[in-house]
Amino acid sequence: MRKQIIPYICNLIHDNMFKRFKFFNIFYLFIFLINIVVLYYVKDYRIVAKPMIMGSLIGFYIGNVERQSQVFIMGMVFALLGDIFLLSDNEIFFIMGLASFLLMQILYSVAFFRDIDVKWKTKWPYIIGVYGLSLLLFFFMSQNAGNLTWPIFMYSLAIGTMANFAIIRKSSVTWYREVVIGAAFFMLSDAILGLSKFSVLSTVIDAPIIMITYMIAQYFIIRGIIERDLSLVETKK
């Protein structure tokens with residue numbers, strides 16, 4: 001397994017991942033680092049730093065894709081709103097943040113659906129595995145979820161559906177694997193957030209892990225959709 005992962009990472013590095021969109025990659029790395037620093041040292045500036053994540057990625061998408069998907073843009077906007085709502089520890093804002101990300105996942109799933117593989121049923125073991133993992137995480141969180149049990153259940157299904165829709169796209173689509181990786185990181189980020197929120201998991205490093213995995217997830221998904229659209233334009237020329 002490790003023999004396969006190392007060459008794959010090397011291929012990513014040499015496959016124009018950092019060479020293409022060099023300016024944005026540097027800018028996003030700056031935002032990435034700023035959010036980690038703000039998380040620990042200047043928390044009062046989180047209201048400025050955190051919205052920069054999705055704000056920059058929305059601009060990245062709009063600036064590079066000619067035939068833009070309004071569904072995908074709305075998904076990114078809801079992710080931005082979710083980031084803002086979750087800046088507060090208030091339970092009402094947590095629910096609003098949860099609802100925003102739920103809508104994001106539905107809209108991302110719709111955007112993924114345009115590349116659906118007609119032979120998607122051959123991937124059923126992955127589909128079952130993802131839903132199984134989502135329900136397992138829900139089981140652990142539901143122990144302390146109280147009135148949020150059903151919203152958490154719906155959210156778990158939505159994020160599992162988003163990940164599965166990323167998986168059942170055509171494997172030939174440009175940046176297919178990267179979008180799947182992004183969806184996996186999103187599940188990981190939300191799993192740690194949920195387990196931490198409902199007192200199932202509590203460590204001193206859960207906050208930075210949530211932030212890091214989230215920023216990686218959104219970058220891979222959005223960059224993957226951009227690469228997919230650009231490849232279609234280049235193919236037609």
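- The CD1 atom of I181 sits 7.5 Å away from the CZ atom of R177 when rounded to the nearest 0.5 Å.
- With a 6.0 Å radius and a threshold of 12 heavy atoms from other residues, nucleotides or ligands, Y126 has its OH atom at or below the threshold.
- Distance alone, capped at 3.5 Å, places no donor-acceptor pair between the S88 side chain and the F85 backbone.
- When all heavy atoms of V130 and G160 are compared, the pair lying nearest together is CG1-O, 3.5 Å.
- Taking 4.5 Å as the limit, some side-chain heavy atom of R223 sits within range of a side-chain heavy atom of W175.
- Listed here is the closest heavy atom pair of F220 and G182: CB-CA, 3.8 Å.
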Query raised in the report: Would M54 and Y214 satisfy side chain to side chain contact (heavy atoms under 4.5 Å, CB included), going step by step from the backbone distance to the final call?
Result: CA-CA 11 Å; M54 288 309 303; Y214 173 71; 3.6 Å; yes
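- No continuous path of hydrophobic side-chain contacts links Y176 to V118 [ILVMFWY only; heavy atoms under 4.5 Å].
- Residue M74 holds its CE atom at 8.0 Å from CG of L81, rounded to the nearest 0.5 Å.
- Residue P151 comes nearest to L98 through the heavy atom pair CB-CD2, 4.1 Å, listed as atom of the first residue, atom of the second, then distance.
- Linking ILVMFWY side-chain heavy atoms closer than 4.5 Å, directly or via other members, places I26 and L29 in two distinct hydrophobic clusters.
- No side-chain donor-acceptor contact under 3.5 Å links Q218 to the backbone of M215.
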Requested in this report: Go through the steps for L57 and Y28 under the test side chain to side chain contact (heavy atoms under 4.5 Å, CB included), then give the verdict.
Outcome: CA-CA 8 Å; L57 289 168; Y28 191 73; 3.8 Å; yes
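- By the 4.0 Å N-to-carboxylate-O rule, D229 lies close enough to R114 to be salt-bridged with it.
- Summarising the local packing, CD1 of I92 is surrounded by 12 or fewer heavy atoms from other residues, nucleotides or ligands at distances under 6.0 Å.
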Please report, to 0.1 Å, the donor-acceptor pairs under 3.5 Å made by any side chain of residues 184-192, with sequence neighbours excluded.
unit_1, atom_1, unit_2, atom_2, d
S189, OG, I210, O, 2.9
S189, OG, T213, OG1, 3.4
D190, OD2, Y155, OH, 2.2

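- Side-chain atoms of I212 and F32, non-hydrogen and from C-beta on, do get closer than 4.5 Å to each other.
- Summarising the geometry, atom CD belonging to Q143 is positioned 9.0 Å from atom OG1 belonging to T149; distances are rounded to the nearest 0.5 Å.
- Between F21 and I226, some side-chain heavy-atom pair lies under the 4.5 Å cut-off.
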Query raised in the report: Passes side chain to side chain contact (heavy atoms under 4.5 Å, CB included), W120 versus I127? Steps please.
Result: CA-CA 10 Å; W120 64 268; I127 296 172; 3.8 Å; yes
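- Across all their heavy atoms, A163 and A183 have their closest contact at CA-CB, 3.9 Å.
- Within the 4.5 Å cutoff, side-chain heavy atoms of I53 are placed close to those of M211.
- Looking at F101 and I159, their side chains never come closer than 4.5 Å, going by heavy atoms from C-beta outward.
- A 6.0 Å sphere centred on CD1 of I62 holds more than 12 heavy atoms belonging to other residues, nucleotides or ligands.
- The backbone N or O of I152 lies less than 3.5 Å from a partner atom in the side chain of S156, making a donor-acceptor pair.
- Relative to the ring axis of F94, K197 places its NZ or CZ within 45° and under 6.0 Å from the centre.
- Using a distance-only test at 3.5 Å, with no hydrogens or angles considered, a donor-acceptor pair links the side chain of K123 to the main chain of I167.
- The distance between the ring centers of Y61 and F72 falls below 6.0 angstrom.
- Around atom CD of Q68, more than 12 heavy atoms belonging to other residues, nucleotides or ligands sit under 6.0 Å away.
- Here the closest heavy-atom approach between residue S231 and residue T174 is recorded as OG-OG1, 3.0 Å.
- Residues L135 and L157 have side chains in contact (heavy-atom distance under 4.5 Å, counting atoms from C-beta outward).
- Heavy atoms only, all atoms of each residue included: R46 and V38 are closest at CG-CG1, 3.2 Å.
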Query raised in the report: Going through the checks in order, is the side chain to side chain contact (heavy atoms under 4.5 Å, CB included) test met by Y131 and T161?
Result: CA-CA 8 Å; Y131 277 131; T161 299; 2.8 Å; yes
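- A salt bridge between R169 and D117 is absent, with no side-chain N of the basic residue lying under 4.0 Å from a carboxylate O of the acidic one.
- We find the CG-OG distance between L86 and S100 to be 8.0 Å, quoted to the nearest 0.5 Å.
- F112 places a side-chain heavy atom less than 4.5 Å from the side chain of V179.
- Side chain of S142 to main chain of F139: a donor-acceptor pair is present (N/O by atom type, distance under 3.5 Å, no hydrogens or angles).
- A single hydrophobic cluster is seen to contain both L193 and F93, as judged by linkage of ILVMFWY side chains at heavy-atom distances under 4.5 Å, directly or through other members.
- To the nearest 0.5 angstrom, I106 atom CD1 is 7.5 Å from M154 atom CE.
- Hydrophobic clustering (side-chain heavy atoms under 4.5 Å, transitive across Ile, Leu, Val, Met, Phe, Trp, Tyr) groups M141 together with W150.
- Taking the side chain as every heavy atom from C-beta outward, I222 and Y108 approach each other to under 4.5 Å.
- Between F60 and F24, the angle of the ring planes stays under 30°, which puts this pair in the parallel group of the 30/60° scheme.
- Distance check, rounded to the nearest 0.5 Å: CD1 of I95 to CG of N90 gives 9.0 Å.
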